[in-house]
Amino acid sequence: MCEKARVIVRMLQGCNSMNKLRKIHSHVVINGLQHHPSIFNHLLRFCAISVTGSLSYALLLFHRFDSDLSTTAWNSLVRGFSVSSSPLSSLLFYNRMLLSSLSRPDIFTFSFALKACERLRSIPKCLELHGSIIRSGFPDDAIVSTSLVRCYSANGKIDTASKVFDEMPVRDLVSWNAMISCLSHAGLHHQALSMQKRMEDEGVCIDAYTLVALLSSCAHVSALNMGVLLHRIACGIGCENSVYVSNALIDMYAKSGSLENAVSVFNGMRKRDVLTWNSMIVGYGVHGHGVEAISFFRKMVTSGVKPNAITFLGLLLGCSHQGLVKEGVEHFQMMGSQFHLSPSVKHYGCMVDLYGRAGQLDKALEMIHTSACHEDPVLWRTLLGSCKIHMNLELGEVAMKKLVQLEAFNAGDYVLMTSLYSAANDAQGFASMRKLIRSHDLRTIPGWSWIEIGDQVHKFVVDDKMHLDSALIYSQLQEVVRRAILAGYNPEDSNITCPAFSDRCLNSAFHSEKLAIAYGLMTTPSGTTLRITKNLRVCRDCHSFTKCVSKAFGRDIIVRDRVRFHHFAGGLCSCNDYW
């Protein structure tokens, strides 16, 4: 390489802006070095992959280069477009590279092409790339295999991603983190959490990225015991002060029913960002502590952190669950007037819920009509739920009619309307709902509950007989019901929504959370708090049952349902029967 070329390469290595690059490029052209391979590669690399680069300029360079590109040059283009707004161009350049007479894909080419394929959600191209990787002799490379895991996972092929991961001869920390992240994003949280034990058995030490992914899964399934273990590990490896790990810890503790630990982590943080504050505000919101959420919001603003849409979602949730109508309206208006944020359908949904739960159904309907998303079925379904709470059949029929018009009705909507007709002794309406359910062959979402005992999560469904200790659980449940009745529990005789979906009425004594409570009482020491997670809203009968169980057995019971947390203690619930 001549001295001029060496000087230009050194200049390119220190380049940090397109203005500088254009000046250097002019020197390259003046000195007739525009076709020098090393100089061209440096020019193309900066334009294609630098954060201050320009893909359009990279294309200009590409079209003016007469010779065949090196693998390094092709990789710059494939990589740059793989993370751009046009990932398809990345695969087009990969295809052109295959036609090149001098260049062949390497591990980096495949990794970048798989990234583009991941973003495009293209299974055929993913399979094609996998075949080329095998033929090229790279199936055992950790970098390529990790990219394959991500690509298959993004395309919904979790089993294939797991197979690729399991067949890797050497799995580094990046590979483990990718697999855990894939499982977590796919909603397979228990599988994601099981990876921690596998890592431990194989002697792989986790890092902050692992912790954040695992804590996210803990938050989704309320795996508090596992979360506490991960907190100890974070302290052991010295990353508990990472703002990302601390935010994940706050989110985990709040969603696992331990607000006091979430506050403890928050108070111990030296640096906080908007996610930190949002995690606390949303945490207070889903626990029904609207006053505390508002208090934290004020501290947030005072500290100079600008709230965003998620901040107000947490505030409105808290106001809705606590019946703070005036405060909810005030903060909803504040979104636009003070912070110039446009409410989304979720914010409007919170407002409809806020008015609806408070019995102000006319205002809830007005909120829908005046919203920018008045055709969204979420709002009408929320209104229908409020009509069920206050037994307003007339407005319930309006909401149901709208859902039918929008072709957005589901089994749950029909269940609510069936309940309204039944409560109003409207036999004709009740019969029409049953007919509609059968004609559309609708099925309700199966209800389940799970409880974490030690490091194991036990899942129950209605009338469950699959658990290994099933006989003991039902025997224990009979005793629990007996003592709950002595504490004031009055079992409901029937479930009015059941006949629409089956020929027999399910006994409410066998609802999934009751089985989970019975199992928790028989497997934990006296005084232990029971923590249960449900996928549906807790029914009125089970809510009454759990209050009386907390009194009869002297236990704190925390139930996280689809909408909020319920903290039961001494025969009372934190929701004050407002849910």
Side-chain angles (χ1 to χ4, degrees), residues 193 218-219 221-232 235 249-250 252-265 283-284 286-289 292 449-460 464 467-491 509-534 538 541-561 564-577 579:
L193 294 175
C218 286
V221 299
S222 298
L224 180 63
N225 294 340
M226 182 65 175
V228 170
L229 170 63
L230 293 171
H231 194 173
R232 287 200 296 267
C235 293
L249 283 168
I250 291 173
M252 181 276 297
Y253 278 126
K255 290 179 179 176
S256 299
S258 183
L259 271 176
E260 62 276 11
N261 281 324
V263 173
S264 178
V265 173
Y284 275 119
V286 296
H287 281 267
H289 300 317
E292 290 84 352
S449 300
W450 62 48
I451 183 170
E452 185 186 28
I453 306 294
D455 61 351
Q456 296 292 318
V457 173
H458 301 264
K459 185 175 181 178
F460 298 91
D464 201 335
H467 198 280
L468 294 176
D469 297 322
S470 179
L472 288 174
I473 292 170
Y474 279 92
S475 176
Q476 172 73 7
L477 183 55
Q478 289 182 2
E479 174 61 15
V480 174
V481 172
R482 185 188 69 80
R483 290 179 59 176
I485 290 173
L486 293 175
Y489 170 54
N490 182 24
F510 300 152
H511 279 184
S512 59
E513 59 262 55
K514 291 182 179 178
L515 295 170
I517 289 171
Y519 186 69
L521 290 172
M522 65 183 272
T523 55
T524 59
S526 177
T528 303
T529 298
L530 302 183
R531 301 174 187 274
I532 295 163
T533 301
K534 280 181 60 66
V538 62
D541 176 65
C542 286
H543 191 269
S544 174
F545 170 78
T546 310
K547 284 198 298 183
C548 294
V549 169
S550 72
K551 180 180 179 181
F553 288 84
R555 294 283 196 115
D556 287 358
I557 304 174
I558 299 175
V559 177
R560 171 184 169 185
D561 71 9
R564 58 162 298 158
F565 278 88
H566 298 263
H567 293 247
F568 299 92
L572 300 174
C573 179
S574 60
C575 73
N576 293 317
D577 296 338
W579 90 99

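FYI, side chains are in, hydrogens and waters are out, and symmetry mates aren't considered; it's all heavy atoms of this structure.
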| query | Looking at R531 and S256, what are the two nearest heavy atoms and their distance? | reply | NH1-O, 3.3 Å
| task | Measure the CZ-CZ distance between R555 and F568 for me, rounded to the nearest 0.5 Å. | result | 15.5 Å
| query | So E452 and S222, side-chain contact (heavy atoms from CB on, under 4.5 Å) or not? Walk me through it. | reply | CA-CA 8 Å; E452 185 186 28; S222 298; over 6 Å; no
| request: Begin with the C-alpha distance, continue with both residues' side-chain angles, and end with the deciding distance and a verdict on side-chain contact (heavy atoms from CB on, under 4.5 Å) for M522 and I473. | output: CA-CA 8 Å; M522 65 183 272; I473 292 170; 4.0 Å; yes
| field | Option passing ring-ring contact (aromatic ring centres under 6.0 Å, His included) with Y474 (candidates F510, Y519, F460) | value | F510
| message | Please determine whether side-chain contact (heavy atoms from CB on, under 4.5 Å) holds for the pair T524 and I453, giving the CA-CA distance in whole Å, both sets of side-chain angles, and the decisive distance to 0.1 Å. | response | CA-CA 8 Å; T524 59; I453 306 294; 3.7 Å; yes
| message | Quick one, D464 and S470 - any side-chain contact, counting heavy atoms below 4.5 Å? | response | no
| message | Minimum heavy-atom separation for G454 and N225, please, with both atom names. | response | O-ND2, 2.9 Å
| What distance do I451 atom CD1 and I517 atom CD1 have between them, rounded to the nearest 0.5 Å? | 8.0 Å
| Between W450 and K459, what is the shortest heavy-atom contact and its length? | CB-CA, 3.9 Å
| Sub-4.5 Å side-chain heavy-atom contact between R483 and V549 | no
| task | Starting at CG of L224, measure out to OG1 of T533 and round the result to the nearest 0.5 Å. | result | 10.0 Å
| message | Quick check for you: to the nearest 0.5 Å, what is the distance between F565 atom CZ and I532 atom CD1? | response | 12.0 Å
| message | I want to check something: taking the side chain as every heavy atom from C-beta on, are M226 and V221 in contact at a cut-off of under 4.5 Å? | response | no
| query | Can you tell which of R564, H567, H566 makes a side-chain hydrogen bond (donor to acceptor under 3.5 Å, both in side chains) with H287? | reply | H567
| field | R560 side-chain N/O to G257 backbone N/O, donor-acceptor pair under 3.5 Å | value | no
| request: Locate the shortest heavy-atom distance separating C573 from K547; write the atom from each residue and the value. | output: N-CD, 4.0 Å
| message | So does A471 get a backbone contact from the side chain of S475, meaning a donor-acceptor N/O pair under 3.5 Å? | response | no
| message | For a 4.5 angstrom cut-off between non-hydrogen side-chain atoms, does V263 reach Y253? | response | no
| note | Distance col, row L259:CG vs S264:OG, nearest 0.5 angstrom, shows 12.0 Å
| Between Q476 and L521, what is the shortest heavy-atom contact and its length? | NE2-CB, 3.8 Å
| request: Quick one: closest heavy-atom pair of G570 and S550, and the distance? | output: N-OG, 3.6 Å
| task | Starting from the C-alpha separation in whole Å, work towards a yes-or-no answer on side-chain contact (heavy atoms from CB on, under 4.5 Å) for C575 and H543. | result | CA-CA 10 Å; C575 73; H543 191 269; 3.3 Å; yes
| task | Return yes if a side-chain donor-acceptor contact under 3.5 Å exists between Y489 and D541, otherwise no. | result | yes
| query | Side chains of I557 and V559: closer than 4.5 Å at any heavy-atom pair? | reply | yes
| field | Pairwise distance CG(L486) to NZ(K551) - rounded to 0.5 angstrom | value | 10.5 Å
